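These notes are about the structure you will find just below.
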Amino acid sequence: MSDKSSPAEKASAYRATLNMPDTPFPMRGDLPKREPAWVQEWEDKGIYKRLRDARSGAPKFILHDGPPYANGKIHIGHAVNKILKDMIVKSRQLEGYDALYAPGWDCHGLPIENAIEKLHGRNLPRDEMQAKSRAFATEQIGQQMADFKRLGVLGDWDHPYKTMNYANEAGELRALKKVMERGFVYRGLKPVYWCFDCASSLAEFEIEYADKQSQTLDVMFPAADPAKLAAAFGLAKLDQEAFIVIWTTTAWTIPANQALNVNPELEYSLVQTERGLLILASALVDKCLERWSIEGQVIASAPGKVLDHMPFKHPLAHVDKGYDRISPVYLADYATADDGTGIVHSAPAYGLDDFNSCVNNGMDYKDILNPVQGNGVYDPELPLFGGQHIWKAVPVILDALKVAGRLMDTKTITHSYPHCWRHKTPVIYRAAAQWFIRMDEGEGVFTDPAQKPAQTLRQIALDAIEHTSFYPENGQDRLRAMIAGRPDWCISRQRSWGVPIPFFLHVDTGALHPRTMEILDQAVGIVAEGGIEAWSRVTGEEILGADEAKLYTKSTDILEVWFDSGSTFWHVLRGTHPEHHHDSGPEADLYLEGHDQHRGWFHSSLLLASAIFGRAPYKGLLTHGFTVDGQGKKMSKSVGNTVAPQDVSNKMGAEIIRLWVASTDYSGDLGIDDKILARVVDAYRRIRNTLRFLMANISDFDAAKDAVAYGDMLEIDRWALARSAQFQAELLAHYKVYEFHPVVAKLQLFCSEDLGGFYLDVLKDRLYTSAEGSLARRSAQTALHQITQAMLRWMAPFLSFTAEEAWKIVGNSETIFLEKFCDLPAGDEALLSKWARIREIRDVVNKDIETLRADGKVGASLQAEVAISAQPEDLALLQTLADDLKFVLITSAATVAAGDALSVAVNPSDKAKCERCWHYRDDVGQNPAHPTLCGRCDSNLNGAGETRQMA
């Protein structure tokens, strides 16, 4: 450099001698533009298959996909679900497992039939409905699959499972046969949930509760044998007409009343009133009289058991001969004195308790009245109300009772009522001949004695719950309560688009064909070859022969859709995807869905696995909450507070959705809106900037040639690795139990405090000013290289695109996901505690420097000189840093002396500033050839280079 060079030229030349950071990893993520290319590359290179090859022979981890329904675009809830699954699978892959994930789709069922009816009209022939449904589901799956891939989800997209694949449809029939062999399937007339919009029965899982307005009614049933009633109450005779009074909220069931229920242990009173002698639960007499605005006097009392089989007449018996029938009293514990009158009216077709009570008291199935048709309209033959829809008939029924003189009172109430979870419309209980899976004791239609388990299905399932891990833990109580209280499972539906129940029923007796199990095997073969459509085309003559075919009817029922998805463990994990077969059987390590699936997929899967092989199909169950807006409100298109994942991906990048999912506590509801996403973008930038700094400072580092042995590294570099090892252990503990928001929160803190706020801050001087290949610089780069390698793996499960982008620059394999978490040097506790204290002292120094800066006495901290007084322990600790103390404090000079307590004196330096390293030193200009350089910069550039021990 010429002595005639200007100061500016010299400063510029000196800057060129610094080891300035450099990396092709850009500051801006430009995610919407770059991410699709990564998705394409993963697909083109068959990365999922490469991952399987890399982990061949490693312990398996199987997350079995709860199939989303193949209908409509994916929404933000789908994104949450799939991203959580992806993060778990990737983190297990990085732990060294062979982490398998085959995405699936639920393809049969009502929503698709409804969509086809909207597009092509109702009453399509069965063949046409099935063909159009299959084509529609295929189209929907293609659209959803593209969106899931766009979110960065890695899986076996080339071989997903679909419940409509012929092999899966056949597998489901095999599952049905197995459940039958074990003795759990029976046919029965029973009240089941019925949706008029579905025109089909519903399972317990398809019910949700919502408020509904109903009319309450108190109705009088006249005594049919007054003398017998008088005797029951210990009276010689009755002086007035006597009535038993019921209270109900379902006026539409009154036309089908066939009995009355009283509690045998409750006391009932005969009350004299202006309306006649009324029978009421004694405890409710005053409330009832007040409600009806009449006065009365109790003339006799007796326990409910004396009323057993006491005959009463239907309240409309004198209005129309179609109602001229007896309603006997049956004893039942479910009649209580909690509300109403203490007497329950019983319409056995429309209530489970009523049905059981009537059947147990000798009522024949064929005598049960069932006037409500599948569409909610009364049979046209029903007297007075035929042809009317039950909800519209309520005021007509009330009016008829009023005119007949049998209505004591009616009021409008709002109460919680079962609704169809698809249509959001009220459902009823309705008796129908259906196929059931039995929860408790009883015989099945076909049972192999060698296979029948000793326990009931309820007992097996409850026991299985005890052997399942739950995340969060409260899921266990929820599922246990549901299984403990649930009725038998109705598995049949009266629809077209679904897996057939391939039974033939005798035209006279309704009995199953004696070769039913063989026919099931035939059906399996036919469906495996040509799908459910092939079975639909099969005639009775082809299966049974011409003579027998005349005696049997081919069932048109299908298996309900929860049987489809609930049986996937059986035919996917052991059949269509044999690589997913654990040594212990068709059992997944984890099922993961929204918490509503305790009554859905978790529930049906548990029952079928318990029925087939006596245990749960999963080792663990993880549930997440629903997506809500920033105010915690449910998302709704009509309100306009929905967030479409496609829009976020296009504007900000799918990585932002992934980071939002990872940083949110999924055990509760997940809030999302523009403000929340803006905060996520800020968090993403901070993590990316830290990563970029790390990469920029190792751009000239070749680990194979330049790495420094751990024992030769500077102490602060060894501390950085020890801290990283300690931090990684924390993160991996969270990953192990599927906790992601602590991982993100701690990673941000690690980046901002451990790295940005301390280690990288201290390191800059050594990285930039030391000789390029010096031990001091290579020691720092060795630590940074290992931290970068570790950090990319920490990030990869959730920031998959960013980790892969960085890996292309600093990695040495095709994809980050082929790697395992780094094996960092074990944390040195003494080193960690020593530097934790040094950082505390540094914070005290920084506060004092800030005070001087606020007063305008110093600019940057390098302008300051620090003198520390410290007690013996701190003194000894700081003295180990020797001359490197100033580098840790980022000041130009630092001394330490003994004192009674920790105190700091900060003064502005009066020394000259080095133009290269910006330190204020008294040896600036000691070399006349470089009048603006300090001694250490001169040595680093032209001499042996400075020696650094600690920092």
Side-chain angles (χ1 to χ4, degrees), residues 186 188-194 201-204 207 209 212 214 216-219 221 244-266 268 279-281 283-284 303-305 307-310 312 314 326-365 367-372 390 413 415-419 426-434 436-442 456 458 481-490:
Y186 71 95
L189 178 79
K190 252 190 181 180
V192 292
Y193 283 120
W194 190 276
S201 57
L202 299 184
E204 192 84 11
I207 296 301
Y209 282 81
K212 176 185 180 293
S214 296
T216 67
L217 53 161
D218 296 89
V219 183
F221 285 64
I244 196 165
V245 187
I246 65 97
W247 176 90
T248 183
T249 60
T250 55
W252 61 269
T253 61
I254 293 290
N257 171 274
Q258 290 185 271
L260 300 156
N261 295 116
V262 302
N263 189 312
E265 305 305 320
L266 274 182
Y268 289 84
I279 300 166
L280 305 167
L284 292 167
K305 60 189 171 196
L307 298 171
D308 190 18
H309 283 75
M310 187 70 65
F312 290 84
H314 192 280
I326 296 297
S327 281
V329 168
Y330 297 141
L331 305 180
D333 292 341
Y334 63 85
T336 70
D338 294 343
D339 53 21
T341 62
I343 299 108
V344 175
H345 111 86
S346 185
Y350 307 120
L352 205 49
D353 287 333
D354 297 357
F355 177 87
N356 291 335
S357 169
C358 289
V359 170
N360 291 343
N361 277 280
M363 189 177 289
D364 201 297
Y365 282 175
D367 294 329
I368 290 174
L369 300 175
N370 191 1
V372 181
I390 65 165
I413 61 161
H415 60 145
S416 183
Y417 189 87
H419 284 64
V427 299
I428 66 166
Y429 262 119
R430 177 173 178 268
Q434 301 284 358
F436 293 89
I437 288 179
R438 190 186 300 283
M439 293 299 295
D440 301 304
E441 294 290 349
T456 66
R458 195 184 309 277
M482 286 179 175
I483 295 293
R486 65 150 297 122
D488 290 351
W489 177 9
C490 175

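Index from 1, following the sequence. Excluded from the calculations below are hydrogen atoms, water molecules and symmetry mates; all remaining heavy atoms, backbone and side chain alike, are included. It should be emphasised that the depicted structure is a prediction, and the values quoted were computed from it without experimental measurement.
- To the nearest 0.5 Å, atoms CG (Asn257) and CD1 (Ile246) are separated by 7.5 Å.
- Counting all heavy atoms, side chain and backbone alike, Gly340 lies closest to Leu284 at O-CD1, 3.5 Å.
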Q: Quick one: do Tyr330 and His309 satisfy ring pair (Phe, Tyr, Trp, His ring centres under 6.0 Å)? Show the steps, please.
A: CA-CA 6 Å; Tyr330 297 141; His309 283 75; 5.2 Å; yes
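- Checked against the 6.0 Å centroid criterion, the rings of Tyr429 and Tyr350 do not qualify as a close aromatic pair.
- Scanning both residues, Pro191 and Ala349, for their nearest heavy atoms gives CB-O, 3.8 Å.
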Q | Test log, rule side chain to side chain contact (heavy atoms under 4.5 Å, CB included), inputs Trp247 and Leu217 | A | CA-CA 6 Å; Trp247 176 90; Leu217 53 161; over 6 Å; no
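- Interatomic distance, Ile343 CD1 to Asn263 CG, rounded to the nearest 0.5 Å: 11.0 Å.
- No side-chain donor-acceptor contact under 3.5 Å links His345 to the backbone of Val219.
- The cationic group of Lys190 does not satisfy the cation-pi geometry with Phe355, failing either the under 6.0 Å distance to the six-membered ring centre or the 45° limit from the ring axis.
- Leu260 contributes atom CG, which lies 5.0 Å from atom OG of Ser327 (distance to the nearest 0.5 angstrom).
- Annotation for Thr456 and Glu441: closest pair CG2-OE2, 3.6 Å, computed over non-hydrogen atoms.
- By the ring pair (Phe, Tyr, Trp, His ring centres under 6.0 Å) test, Tyr417 is found to be paired with His415, residues two or more places apart in sequence or in another chain being considered.
- When all heavy atoms are compared, the tightest approach of Pro426 to His419 is N-CD2, 3.5 Å.
- One N or O on the side chain of Arg430 and one on the backbone of Val372 form a donor-acceptor pair closer than 3.5 Å.
- Under the 4.5 Å side-chain criterion, counting only non-hydrogen atoms from C-beta, Ile368 is in contact with Leu189.
- Remark: the backbone N or O of Ala347 is paired with a side-chain donor or acceptor of Asp354 at under 3.5 angstrom.
- In this structure, CD1 in Ile279 is found 7.5 Å from CE in Met310, a value given to the nearest 0.5 Å.
- Under the 3.5 Å distance criterion, the side-chain polar atoms of Arg458 are matched with a main-chain donor or acceptor of Arg486.
- Atom OG1 of residue Thr249 and atom CG of residue Asp339 lie 9.5 Å apart, to the nearest 0.5 angstrom.
- Across Gly188 and Phe436, no two heavy atoms sit closer than the pair O-CE1, 3.3 Å.
- To the nearest 0.5 Å, atom OG1 of residue Thr253 and atom CD of residue Gln258 are 11.5 Å apart.
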